[in-house]
Every structure is written in C-alpha cells, then in structure tokens.
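Below is one structure, written out as structure tokens, with a few remarks after it.
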Amino acid sequence: MTTILDKILKEKETLINQMIHETIPVCKKRLKRPSLFDRLFQNNKLQVIAEIKRASPSKGLIQGIVDPAKQALVYQEAGAAAISVLTDSPFFQGSFKDLQAVAETVDLPILCKDFIIHKVQIDFAKSAGASVVLLIVAALSKEKIKELYTYAIAKGLEVLVEVHNIQELEVALQLDTKLIGVNNRDLRTFQVDLSHTGELASNFPFNEGRVLISESGICNNVDAIQVAKYGASAVLVGEALMRSDDPYKTLRTLQVEREVMVQ
Ligand SMILES: O=P(O)(O)OC[C@@H](O)[C@@H](O)c1c[nH]c2ccccc12
C-alpha cells in the first residue's frame, strides 16, 4: 500500500533535483540563535515550539493567508521556546521564503520543518535562517539518517529526530541527538493519539541529557497537562495555534507546570 509518506517522499526527490539549480535563499539577519536544547533542558514549565502551518495533507487548508512573520512575532511575545516553519510546499503550502521571513523577524531558535532526505535541503534551511532541522526516522534508512545528522551538526545546526514507535526510538538513541520528538500522529494513517508520548516516555533515557518533545494533536491545556505528566519538556503545536482567534492566549494556556525528570 502506498502511504501519504511514500507520496511526499517521492515528490521530494523531484523537488530536490530542482533545488540543486535554484538560487539559495539567504536570511539577511545573521545572528547566533539560542540553543533549543538549552531552552528546554530542566525547565520546570512545559515549553511550546509554535508552528507556522498553512495546510496539511490530513486537514487541508488550515490558514492559507497568514503573514508568517507577524504570526511568529505573536508566538515570540507569548513566550514560545522556538518557532517551527513548514517549508514543504506541495503538501503543506509552506516555503523557504516563509522560513526566511520568520528568521528575519524573530530571535528565537527556528526549526525547519520538512521531509529532509538530501543535504541540499539542509543547506537551504541553514541559509534561510534555521538553527534546527528535523530528521524523521520513518523517512530515512539508518545510514542516511546518520549521514544527514552528521552533516547538519557539522554545519552548526541542532537536530530534532522524530520517532513514532519504540523501534524508531532505538534508532534515534543510537545517534547522540539531544532532541527527540515523538510524533503523536502516525504519518502513514494520520491517526493521532497522545498516549504515544506516554508509551515512548516510559522507554526514554531521561538521565542521558536528552529531552523529549511531544508533537502533534496538542490542542489545549488538558492535552498539555497530559504530556507534561509523561515527562515531555515541550510540545510542538501547529493547527491549534493557526486556527486560534487569539494565538497569544492559546499559547499561554499550554505553558503548564512540569516536573523535571531525572536528567
Ligand atoms: O498541527 P499539529 O497537530 O499541532 O502538529 C504540529 C506538528 O507536530 C506537525 O506539523 C508535524 C510533526 N511532524 C511533522 C513532520 C512533517 C510535517 C509536519 C509534522
């Protein structure tokens, strides 16, 4: 069965061949961004990585006409730990232009949210102003993820490694990555279940100086409290903030108390 993830990855290959010939976007604001890991580690408040997400394959159009820079400023004012920007265009209507606009406006760590399968995407992310890139275990072979991880770290980027099940968590733990994201949404079926974070948290080595980020399907304060209890340091939130009439307020309600796990 071909899944949506297969489709996205197939399309990426075509896009990468085009990117190699494109001019690379350059962020005009050159600054050393704070480390995302430092902002999350041993923090006694659940942190929010707030996302710019115009659309998604599972939800269709979410907020097509958003001004990414303005939205990111609201996130920054509300105390977001970082901003995530979707740069995939065929399925999420994002772009490296969105990433650049956000990077030129806010001083926070910036995550390039894409399906990275080639080094050229890491070059684009860095040049457009990202300080963190996402690598999705389900989208890459073990060899490839190691190669891209090493490449990104050598470029001075932080890497968020995304997993969905125990097998993938094991792959992530073999890298020395400090940022591990549990996607509550199955990229193959789109089913969302916050208890994925709980399940993986019970197998998570909190004592190794790594942080766990709970991604997707976090809508409100109740959800935030649930994943904070599991030991998540942060939540990655897109849709709930993009649909909100008052993203400032919505973001504030997610910054709940958390107990610092043995780290
Ligand atoms: O809109 P949500 O349910 O709050 O989810 C945000 C984020 O976790 C989601 O956009 C995401 C998580 N991992 C991804 C990988 C690729 C694209 C998108 C994602």
Side-chain angles (χ1 to χ4, degrees), residues 3-9 11-12 15 36 46-64 66 68 71-72 75 80-96 98-99 102 110-117 121 125 130 132-140 145 148 159-165 168-169 172 179-197 200 212-224 226-227 232-244 247 250-251 253-254:
T3 64
I4 183 76
L5 182 59
D6 298 328
K7 271 196 206 150
I8 294 175
L9 295 176
E11 181 84 30
K12 275 289 147 201
L15 280 170
L36 176 58
L46 185 72
Q47 297 298 300
V48 179
I49 303 171
E51 188 157 276
I52 307 290
K53 187 178 193 179
R54 295 174 186 272
S56 76
S58 60
K59 300 292 172 77
L61 199 62
I62 297 170
Q63 237 238 66
V66 67
Q71 180 87 0
Y75 291 163
I83 312 290
S84 164
V85 186
L86 249 325
T87 50
D88 174 83
S89 111
F91 296 89
F92 292 85
Q93 294 189 21
S95 65
F96 283 98
D98 282 356
L99 177 69
V102 170
I110 296 184
L111 168 66
C112 173
K113 187 61 117 40
D114 209 324
F115 298 82
I116 295 185
I117 54 170
Q121 294 165 282
V132 191
V133 289
L134 181 78
L135 293 177
I136 304 171
V137 173
L140 298 159
I145 198 165
L148 294 172
V159 179
L160 169 58
V161 179
E162 179 176 299
V163 301
H164 183 67
N165 55 38
E168 291 179 8
L169 177 62
L179 301 166
I180 298 187
V182 175
N183 197 348
N184 299 308
R185 180 177 293 116
D186 189 326
L187 288 176
R188 299 186 175 89
T189 61
F190 293 145
Q191 300 261 45
V192 177
D193 184 349
L194 299 189
S195 65
H196 279 296
T197 298
L200 296 206
L212 192 155
I213 298 163
S214 184
E215 307 176 355
S216 311
I218 292 109
C219 301
N220 53 39
N221 175 266
V222 175
D223 296 341
Q226 183 181 345
V227 299
S233 292
V235 284
L236 178 41
V237 185
E239 192 182 343
L241 294 170
M242 294 300 292
R243 285 200 201 277
S244 173
T250 306
L251 201 156
T253 63
L254 303 173

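Numbers here simply count residues along the sequence, with the first being 1. Ligands are counted one by one from 1 in listed order, and the atoms in each one are counted from 1 as well. In what follows, every heavy atom counts, from backbone to side chain, and hydrogens, waters and symmetry copies are set aside.
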G217 versus ligand 1: do any nitrogen or oxygen atoms come within less than 3.5 Å of each other? yes

List the closest protein heavy-atom neighbour of atom 9 (C) of ligand 1: residue, atom name, distance to the nearest 0.1 Å. K113 NZ, 3.3 Å

Before signing off on this row, confirm whether G238 and ligand 1 have an N or O atom pair separated by under 3.5 Å. yes

In terms of its nearest heavy atom to atom 3 (O) of ligand 1, the top option of R185, E239, R243 is R185

S95 and T87 have their tightest heavy-atom pair at O-CG2, 3.4 Å

Can you name the atoms of ligand 1, numbered from 1 with element, that are less than 4.0 Å from a heavy atom of V237? 4 (O)

Which residue owns the protein heavy atom closest to atom 8 (O) of ligand 1, what's the atom, and how far is it? S216 OG, 2.8 Å

As an exercise, state the distance from CG of L111 to CG of L86, rounded to the nearest 0.5 Å. 9.0 Å

Verify, without hydrogens or angle tests, whether Q121 (side chain) and F115 (backbone) share a donor-acceptor contact under 3.5 angstrom. yes

Considering the heavy atoms of F92, write down every atom of ligand 1 situated less than 4.0 Å from one of them. 17 (C), 18 (C)

Begin with the C-alpha distance, continue with both residues' side-chain angles, and end with the deciding distance and a verdict on side-chain hydrogen bond (donor to acceptor under 3.5 Å, both in side chains) for S216 and N184. CA-CA 6 Å; S216 311; N184 299 308; 5.9 Å; no

Are the side chain of D98 and the backbone N or O of G94 linked by a donor-acceptor pair below 3.5 Å? no

Just which atoms of ligand 1 are under 4.0 Å from any heavy atom in F115? 16 (C), 17 (C)

Quick one: nearest non-hydrogen protein atom to atom 13 (N) of ligand 1, plus distance? E162 OE1, 2.7 Å

Looking at non-hydrogen atoms alone, which of H164, K53, E51, E215 comes nearest to atom 1 (O) of ligand 1? K53

How many angstroms lie between atom CD of Q63 and atom NZ of K53, to the nearest 0.5 angstrom? 13.0 Å

Which residues pass the side-chain contact (heavy atoms from CB on, under 4.5 Å) test with R188, not counting sequence neighbours? T3, L5, A138, E168, D186

Is I218 in contact with ligand 1, taking contact as a heavy-atom separation below 4.0 Å? no

Partner set under salt bridge (Lys or Arg N to Asp or Glu O under 4.0 Å) for E51, not counting sequence neighbours: K113

